[in-house]
Participant: 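Take this structure, written in structure tokens, and hold onto it; I'll ask about it next.
Side chains are part of it too, since the values below use all heavy atoms of this structure and drop only hydrogens, waters and symmetry mates. Keep in mind it's a predicted model, so treat the numbers as computed, not measured.
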There are 2 protein chains.
Amino acid sequence: MSQHVYCFGAGRNEGRADMRNLLGGKGANLAEMASIGLPVPPGFTITTEVCTEFYKNNRTYPDGLSAAVRDGLAHIEQAVGLRFGDRHSPLLVSVRSGARVSMPGMMDTVLNLGLNDATVQGLIEASGDARFAWDSYRRFIQMYGSVVLGVDHHRFEEIIESQKLDRAVVEDIELTAQDWAQIVDSYKEMVAAELGRPFPQDPNEQLWGAIGAVFGSWMNPRANKYRELHEIPASWGTAVNVQAMVFGNMGDDCATGVCFTRDPSTGENTFYGEYLVNAQGEDVVAGIRTPQPLSTARALPGETAMQTVMPEVYAELVRVRATLEAHYRDMQDIEFTVQQKKLYMLQTRTGKRTAAAALRIAVEMAKEGLIDKAEAVRRVNPSSLDQLLHPTLDPNASRTLVGKGLPASPGAACGTVVFSADEAELRAGHGEAVILVRIETSPEDIHGMHAAQGILTTRGGMTSHAAVVARGMGRPCVAGAGSIQVNYGAQTLSAGGHTVRAGETITLDGATGEVFLGSVPMIEPDLSDDFATLMHWADEIRRLRVRANAETPLDAETARRFGAEGIGLCRTEHMFFDPERILIMRQMIVARDEAGRRAALARLLPHQRADFTKLFRIMAGLPVTIRLLDPPLHEFLPHGDAEINEVAAELGEDPDLLRARLAELAEANPMLGHRGCRLGISYPEIYEMQARAIFEGAIAAAAEVGIAPVPEIMIPLVGMKRELKIIHALIDKVAEQVFAESTRIDYIVGTMIELPRAALTAEQIAEDGDFFSFGTNDLTQTVFGLSRDDAGKFLPRYIETGILERDPFVTLDLEGVGTLIRLAVEKGRATRPNLKCGICGEHGGDPASITFCEEAGLDYVSCSPYRVPVARLAAAQAALRQ
Amino acid sequence: MSQHVYCFGAGRNEGRADMRNLLGGKGANLAEMASIGLPVPPGFTITTEVCTEFYKNNRTYPDGLSAAVRDGLAHIEQAVGLRFGDRHSPLLVSVRSGARVSMPGMMDTVLNLGLNDATVQGLIEASGDARFAWDSYRRFIQMYGSVVLGVDHHRFEEIIESQKLDRAVVEDIELTAQDWAQIVDSYKEMVAAELGRPFPQDPNEQLWGAIGAVFGSWMNPRANKYRELHEIPASWGTAVNVQAMVFGNMGDDCATGVCFTRDPSTGENTFYGEYLVNAQGEDVVAGIRTPQPLSTARALPGETAMQTVMPEVYAELVRVRATLEAHYRDMQDIEFTVQQKKLYMLQTRTGKRTAAAALRIAVEMAKEGLIDKAEAVRRVNPSSLDQLLHPTLDPNASRTLVGKGLPASPGAACGTVVFSADEAELRAGHGEAVILVRIETSPEDIHGMHAAQGILTTRGGMTSHAAVVARGMGRPCVAGAGSIQVNYGAQTLSAGGHTVRAGETITLDGATGEVFLGSVPMIEPDLSDDFATLMHWADEIRRLRVRANAETPLDAETARRFGAEGIGLCRTEHMFFDPERILIMRQMIVARDEAGRRAALARLLPHQRADFTKLFRIMAGLPVTIRLLDPPLHEFLPHGDAEINEVAAELGEDPDLLRARLAELAEANPMLGHRGCRLGISYPEIYEMQARAIFEGAIAAAAEVGIAPVPEIMIPLVGMKRELKIIHALIDKVAEQVFAESTRIDYIVGTMIELPRAALTAEQIAEDGDFFSFGTNDLTQTVFGLSRDDAGKFLPRYIETGILERDPFVTLDLEGVGTLIRLAVEKGRATRPNLKCGICGEHGGDPASITFCEEAGLDYVSCSPYRVPVARLAAAQAALRQ
């Protein structure tokens with residue numbers, strides 16, 4: 001049987017900082033601090049395993065827990081010389097939750113537990129302060145009553161207010177011991193009336209009630225929501241810490257405070273914190289009194305630094321700060337209490353910090369020699385880099401929220417509202433900053449998305465078209481803001497009582513999903529030297545190469561600036577949506593025969609060749625992977641009746657003919673339809689044109705920059721080895737034609753692995769492919785049998801209820817999709833040991849997925865340009881984990 | 001280097017019958033016959049490997065082939081004492097193709113090869129018959145000219161006709177040696193004019209030309225088409241047989257003939273065949289003279305049996321028949337030639353036979369002790385049983401073809417044309433036999449399909465809704481008859497110049513896909529004792545259990561009659577399409593809240609309970625697997641505007657509200673959408689109702705028949721173990737409620753494995769499932785990323801061009817889907833060693849797929865009722881193969 005309870009303090013330190021998973025962060029660090037000689041009130045921790053057991057067994061405790069708790073209590077009693085429930089020298093304890101990671105939403109703290117009508121007298125005796133004792137008792141009833149017994153906290157406040165009215169006083173401080181005693185009586189009466197049973201007087205009953213409340217709060221809706229947002233598995237559980245009380249509110253030689261060993265906002269190496277004289281921690285939170293700074297250096301006029309008021313205690317605290325940083329080798333967030341001039345440490349934990357602070361602290365600590373470069377690289381959360389790369393809203397600026405959607409693409413953007421892509425382009429062309437607002441977007445909107453500062457949609461999820469494209473472009477995007485109504489006819493959006501007309505201004509925060517009225521001031525990103533230093537260290541460490549998904553010269557340039565080592569996915573179909581080109585594309589699609597298609601393709605060729613030439617020029621010296629046409633042809637055709645007529649007129653076709661062609665191309669399940677290499681098999685002339693454009697573009701770029709690119713031509717949606725073989729042969733044929741006309745260059749041909757069958761038969765597919773690029777978006781769709789476009793109807797609920805731990809379109813599903821990828825890599829390399837493998841789905845920029853890619857032995861990841869720094873850092877961290 | 005050429009005859013027999021893959025059927029059997037002492041003209045076979053090499057290497061021959069052919073020719077020359085190209089004793093040879101299986105469409109035969117202007121003189125000398133020699137030469141030029149050189153055969157016929165006109169004769173027989181010599185000259189002139197070069201005189205050039213033509217014909221369009229229809233891989237290749245000529249046309253002591261060792265039509269054990277005196281094989285085919293019977297017993301008045309004309313040769317042939325049957329232990333199809341009273345065997349092969357004959361021959365041979373029961377079971381093609389279970393068109397009846405579609409469900413049907421399901425039901429209710437004709441069918445047509453004798457659709461493939469449902473019901477169906485136009489407005493179908501109005505009669509042949517005008521006489525199936533005997537032997541041998549897919553009492557009864565050992569798939573949604581029920585179902589779907597849904601479900605419950613009671617009663621003592629609701633809800637709602645208004649009126653709802661609900665439920669990719677257990681998670685009340693109906697139905701049936709069924713409840717579309725766990729718990733909860741109200745029965749809960757993720761994480765899924773049923777239809781769709789509904793646009797071409805060897809929706813894809821199934825079985829049984837595994841897709845009735853199921857260690861297959869005998873036999877054959 002595993003140990004349920006770990007003691008700490010007074011020389012019995014059973015835990016350590018590295019036992020965080022078992023003891024929670026708080027419990028592990030209390031034990032650690034005690035064991036390195038810092039003053040910690042004695043206590044014990046009930047493990048997270050007990051919590052897990054509790055839920056596994058229908059909310060019952062494991063055998064032996066009550067004996068272990070009794071033993072833990074005895075340890076405290078012995079250490080402080082008091083007894084739990086003793087009417088003369090009563091031991092009072094705090095009960096706090098403590099998960100592996102700090103987690104708001106759960107029950108936090110019950111203080112002064114052990115007080116009852118008898119022991120309050122003992123506290124009066126021991127402290128010699130009846131007012132303090134009755135105040136402590138009422139605080140206990142109030143806290144316990146609301147968080148453990150579920151009584152509305154307003155009920156307690158009403159009683160205090162009523163007492164103040166009776167006594168005609170304004171401040172709590174004016175209430176006497178007698179007042180607090182009366183309030184205690186009123187509290188008890190009220191609780192008994194509310195619950196139909198008296199407030200528990202038995203300290204043991206109180207203790208078990210509090211323990212039960214901590215465990216119970218692990219699964220409350222707020223905690224569940226927090227875990228979902230922060231991807232914390234429900235299976236981790238929380239620990240419970242029971243600790244002897246110390247009092248910061250026993251007089252003016254008492255105090256309580258919190259501090260950070262460095263500035264959590266900027267990362268600057270200064271001691272940063274606040275304290276309150278004669279107060280308990282909750283008083284700081286309540287905000288009635290203003291906390292004062294710790295050091296004189298940070299004191300503003302009118303403020304009283306602790307350094308001034310309690311110089312010895314301050315000096316000790318400064319020593320503690322040094323001890324903790326040296327010991328933990330990281331910035332610490334500390335809670336302390338001073339009881340009658342004696343300092344007690346109540347908590348230390350790694351301090352939360354802004355992305356900028358994390359970066360600065362990591363780099364400076366490495367330079368100070370406190371940690372090594374590898375550790376510095378480990379210290380920065382790759383996802384947080386997003387904040388540093390995009391403008392953010394000024395946190396101090398006022399704002400009016402209109403509505404909220406999904407934080408689909410980070411960064412802040414401000415501009416006038418437009419409701420169509422064409423208008424976005426038009427107005428942006430005149431130098432106006434616009435926000436494109438659509439119910440949802442489609443490939444036809446891409447020019448407008450590019451022209452806009454930001455994109456807002458009212459439908460679709462984190463992997464909707466708008467979200468994916470916006471991330472790719474680095475445009476801030478709020479997606480699926482369901483509370484906002486868009487009326488294209490009236491040219492308005494409305495939500496929360498506000499109506500915004502086309503031409504009026506809004507501001508988006510793509511990092512939070514919020515939409516604000518008018519213009520909210522922004523802070524532009526400022527990439528510090530620390531950023532460059534950390535990226536450099538990351539590059540030294542990582543094994544995985546990082547490429548970018550990019551089609552346009554702008555994207556490619558951005559990618560290169562952010563350190564991309566090539567293009568991993570150039571989606572050629574994106575090049576066909578420009579107005580002039582889409583017309584030719586449509587002519588190709590409605591052509592009656594191959595000759596008609598070839599005629600249209602011949603007119604697309606120069607456009608596509610020019611695009612490739614630019615890409616190769618920008619990416620000179622780096623690999624560029626180009627995917628041949630992937631989406632089904634009907635995606636290029638119009639749908640609404642009006643648009644069909646318009647396009648038919650443009651094409652010079654009978655609208656009914658166009659409708660007939662549309663009907664012919666329509667599909668029940670386009671995701672599983674006539675697309676990818678299936679198009680290349682049906683219409684080889686399309687892939688022939690694309691291959692020619694690639695080779696001619698590469699040769700042209702080589703002539704310009706003097707170094708020939710090695711195009712990596714990628715065949716999408718291969719399921720059968722013969723598909724790849726046939727198209728590979730087609731490409732080789734075109735290559736020979738082009739080379740015969742000009743000059744010979746190297747190229748390789750590989751395939752997307754995005755169908756389970758390709759993965760399952762990878763040993764065959766590898767016979768004809770030089771590389772595998774895992775198209776994890778589609779692979780996730782087929783492995784799960786889950787359409788990204790439709791999953792919104794039930795996927796969110798699946799994640800909320802824990803059916804899925806994470807959105808598989810954001811973070812790679814390791815058990816299903818991951819298993820298949822490993823299998824494919826293994827089988828593919830059995831045939832072709834030097835097979836180059838990478839991923840190019842949305843997952844390529846997701847740190848958890850990058851960790852998997854490292855473990856699975858992939859060669860590279862490819863992600864949207866703005867995710868490149870994230871991927872570089874995540875890849876370094878993954879390498880360190882290996 | 002492998003051996004390219006194998007000799008046979010004259011004591012040098014390098015091949016054997018079991019080398020069919022290498023030597024082709026003809027070559028292997030020529031060698032075999034020669035080696036058991038039968039009179040075979042000497043010759044040699046060029047292997048099928050040479051053909052494969054030929055195509056691998058851009059139509060070039062492997063090294064060493066020409067030396068080997070020279071050696072083979074020398075063997076023949078030595079054996080017959082003639083020399084190839086010798087002007088006095090010229091060797092003439094035949095060149096024939098010979099694949100593993102007999103294959104029309106390829107180049108068949110060139111006879112008399114070796115003749116030229118010089119050797120024809122040698123033939124005159126050797127035969128002493130100038131007319132025969134010149135006739136032989138012209139036959140050679142004609143055959144070689146048309147099949148090797150590609151000259152239109154009409155050109156040759158014109159020359160003969162012109163010669164006859166000149167000579168004023170009517171019959172070939174009246175032409176003299178001189179005439180034939182002139183014809184030879186004319187032939188040569190015409191060929192030279194056509195080709196721009198003279199007819200080849202060099203026998204070696206002739207020989208290589210003929211060999212090349214045989215190899216070339218392997219890939220001609222007709223051969224490709226035949227292979228596609230008969231699922232013969234292109235990689236098999238053909239062999240080439242070069243053999244010394246013998247002449248059946250050298251005089252009246254010569255003859256040629258073909259015979260079967262038993263009656264290929266009925267299987268009766270009699271000698272069955274035809275011959276012609278003084279003729280070459282081609283004369284039999286030409287049909288100018290009527291072949292005569294072999295035996296007097298079979299001779300009609302006016303016919304002359306060979307037994308009478310050539311009694312000694314006939315007696316020898318009877319001995320050969322006995323030798324061959326004893327040696328090959330199977331019915332043989334023999335070709336022979338008699339040259340000057342000497343019998344030569346030119347071919348033996350296993351004779352093609354009707355399904356009825358196959359059955360009778362297998363059972364009788366086993367009873368005769370020629371083969372054992374296992375061999376008898378092996379001898380009958382399971383797929384052919386279909387013919388025996390359904391009515392077939394009388395082969396002798398005259399008929400007028402209207403059009404042709406896919407042979408989607410076997411059997412013949414005749415009835416009046418109706419164009420809607422409702423009318424089908426109405427007219428059938430009045431006792432009329434109807435054929436339901438639709439462009440395509442949907443679940444709403446099921447009642448009409450049931451009421452109809454047969455179904456004809458003009459869209460959709462072998463796995464379209466119409467095809468799948470018709471096979472399930474045992475209704476003949478012709479699907480996707482694209483050449484037929486259906487006009488619902490005019491109530492007509494038209495094709496091939498015919499127009500058929502509603503109410504007029506047509507006949508379908510579901511086994512060929514043909515549609516005929518009017519009523520074509522039919523032959524009802526007559527299940528012989530031999531059928532029962534063979535099925536009994538199969539049941540003794542097989543390990544795999546065979547269940548049926550069935551929802552209706554009729555289907556269940558049919559299944560049981562055909563020997564099903566339970567129901568493997570009861571698709572509960574099929575029970576909701578009855579008009580009364582679909583209304584309630586729609587009320588459930590449009591309900592505003594759970595209470596509304598529950599109210600509707602409460603009204604569905606009695607219907608569904610009654611359905612289950614009936615099924616359990618019919619299947620008493622056998623397992624019944626019931627799948628909970630699977631399709632997305634929008635499948636139950638109307639789509640057209642008129643129908644929406646109608647249904648809204650029925651429901652008492654605002655049509656716009658219904659439209660809104662439809663829009664809300666619409667999906668981009670329904671196949672990957674909100675269906676299967678995802679519905680059960682979103683709307684647990686639906687599965688609760690279904691579980692209750694199952695338990696109550698089972699308890700009711702138990703009370704009636706005295707034996708409690710063990711329902712096997714199947715959860716569709718599980719991808720995550722938590723889905724199964726949640727729904728399993730839901731079912732357990734309902735079970736306890738029902739059992740508390742009445743009595744306790746056993747049941748098990750399992751899952752469909754139809755998503756790659758379920759297979760990849762089968763070790764987890766098995767934790768909460770008692771059985772796995774592989775839903776191979778959906779698994780094929782997700783593994784291939786291929787929508788069944790859309791695949792028609794390119795899948796046929798994929799099969800034609802060999803990208804896929806077979807339609808994966810008909811025969812399980814072993815490499816992809818099969819690999820995944822094996823993985824899932826292995827992983828599932830690692831967790832739960834006694835995990836019951838089966839398949840219940842369309843593949844459950846496909847013999848090749850059943851073989852896989854046996855190898856993969858599955859416990860059962862489940863198929864449509866009419867496929868049950870097929871599956872029983874296929875399962876026995878699979879067991880024998882193991």
Participant: Which atoms of Arg678(B) are under 4.5 Å from chain A, going by heavy atoms: the side chain, the backbone, both sets, or neither?
Facilitator: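 Both parts, heavy atoms under 4.5 Å.
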Participant: Using non-hydrogen atoms and a 4.5 Å limit, figure out which bit of Ala791(B) sits close to chain A: side chain, backbone, both or neither.
Facilitator: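 Neither the backbone nor the side chain of Ala791(B) comes within 4.5 Å of chain A.
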Participant: Using heavy-atom distances under 4.5 Å, tell me whether Ala666(B) contacts chain A through its side chain, its backbone, both, or neither.
Facilitator: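 Backbone only.
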Participant: Which answer fits Ile726(A), side chain, backbone, both or neither, if we ask what part of it has an atom under 4.5 Å from a heavy atom of chain B?
Facilitator: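 Side chain only.
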Participant: Among Gly719(B), Ser787(B), Gly802(B), Ala759(B), who wins on heavy-atom pairs under 4.5 Å with chain A?
Facilitator: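 Of the options given, most contacts go to Ser787(B).
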Participant: Heavy-atom distances under 4.5 Å only: say whether Leu823(B) touches chain A with side chain, backbone, both or neither.
Facilitator: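 Looking at Leu823(B), nothing touches chain A.
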Participant: Could you tell me which portion of Met671(B) (side chain, backbone, both or neither) has an atom closer than 4.5 angstrom to a non-hydrogen atom of chain A?
Facilitator: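 The answer is both parts of Met671(B).
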Participant: Give the C-alpha distance, both sets of side-chain angles, the deciding distance and a yes or no for side-chain contact (heavy atoms from CB on, under 4.5 Å) between Arg722(B) and Tyr798(A).
Facilitator: CA-CA 10 Å; Arg722(B) 291 265 306 155; Tyr798(A) 266 44; over 6 Å; no
Participant: Crowded around Lys725(B) NZ? As in, over 12 foreign heavy atoms under 6.0 Å?
Facilitator: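 Check fails, neighbour count at 12 or below.
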Participant: Taking the side chain as every heavy atom from C-beta outward, state whether Arg757(A) and Glu815(B) have any pair of such atoms under 4.5 Å apart.
Facilitator: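 Of all side-chain heavy-atom pairs linking Glu815(B) with Arg757(A), at least one is under 4.5 Å.
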Participant: Do the side chains of Thr782(B) and Val783(A) get nearer than 4.5 Å, heavy atoms only?
Facilitator: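 No - every pair of side-chain heavy atoms lies 4.5 Å or more apart.
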Participant: Looking at Glu754(A), Glu723(A), Gln781(A), which makes the most heavy-atom pairs under 4.5 Å with chain B?
Facilitator: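 Ranked by contacts with chain B, first place is Glu723(A).
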Participant: So do the side chains of Asp790(A) and Asn669(B) get within less than 4.5 Å of each other, counting heavy atoms only?
Facilitator: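 With C-beta onward as the side chain, the pair touches.
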Participant: Could you check whether atom CZ of Arg459(A) has more than 12 heavy atoms from other residues, nucleotides or ligands sitting under 6.0 Å from it?
Facilitator: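 Open: at most 12 neighbouring heavy atoms sit under 6.0 Å from CZ of Arg459(A).
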Participant: Quick one: closest heavy-atom pair of Pro670(B) and Ala668(A), and the distance?
Facilitator: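 Where Pro670(B) meets Ala668(A) most closely, the heavy atoms are CD-O, 3.2 Å.
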Participant: Using heavy-atom distances under 4.5 Å, tell me whether Asp778(A) contacts chain B through its side chain, its backbone, both, or neither.
Facilitator: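 Nothing of Asp778(A), per the 4.5 Å heavy-atom cut-off to chain B.
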Participant: Starting at CD1 of Ile803(A), measure out to CG of Leu724(B) and round the result to the nearest 0.5 Å.
Facilitator: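 Interatomic distance, Ile803(A) CD1 to Leu724(B) CG, rounded to 0.5 Å: 11.0 Å.
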Participant: In terms of heavy-atom pairs under 4.5 Å, which option from Leu760(A), Thr801(A), Leu820(A), Val817(A) contacts chain B the most?
Facilitator: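 Going by pairs under 4.5 Å, I would pick Leu760(A).
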Participant: Are side-chain heavy atoms of Leu755(A) and Phe784(B) found at a separation under 4.5 Å?
Facilitator: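 When only atoms from C-beta onward are counted, Phe784(B) and Leu755(A) do not touch, as no gap falls below 4.5 Å.
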Participant: Determine whether Lys793(B) and Glu664(A) satisfy the following criterion, side-chain contact (heavy atoms from CB on, under 4.5 Å), listing intermediate values before the conclusion.
Facilitator: CA-CA 9 Å; Lys793(B) 286 172 185 131; Glu664(A) 200 183 318; 5.9 Å; no
Participant: Can you tell which part of Gln764(B) gets under 4.5 Å to a heavy atom of chain A, answering side chain, backbone, both or neither?
Facilitator: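 Contact with chain A is through the side chain of Gln764(B) alone.
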Participant: What's the shortest heavy-atom distance between Phe794(A) and Ser682(B), and which atoms?
Facilitator: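 Minimum heavy-atom contact is CB-OG, 4.2 Å.
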Participant: If you count heavy-atom pairs under 4.5 Å between each of Gly673(A), Gly676(A), Gly785(A), Ala758(A) and chain B, which one has the most?
Facilitator: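 Maximum pair count with chain B is reached by Gly785(A).
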Participant: Thr819(A) versus Thr761(B): any side-chain heavy-atom pair under 4.5 Å?
Facilitator: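 The answer is no; the side chains never approach within 4.5 Å.
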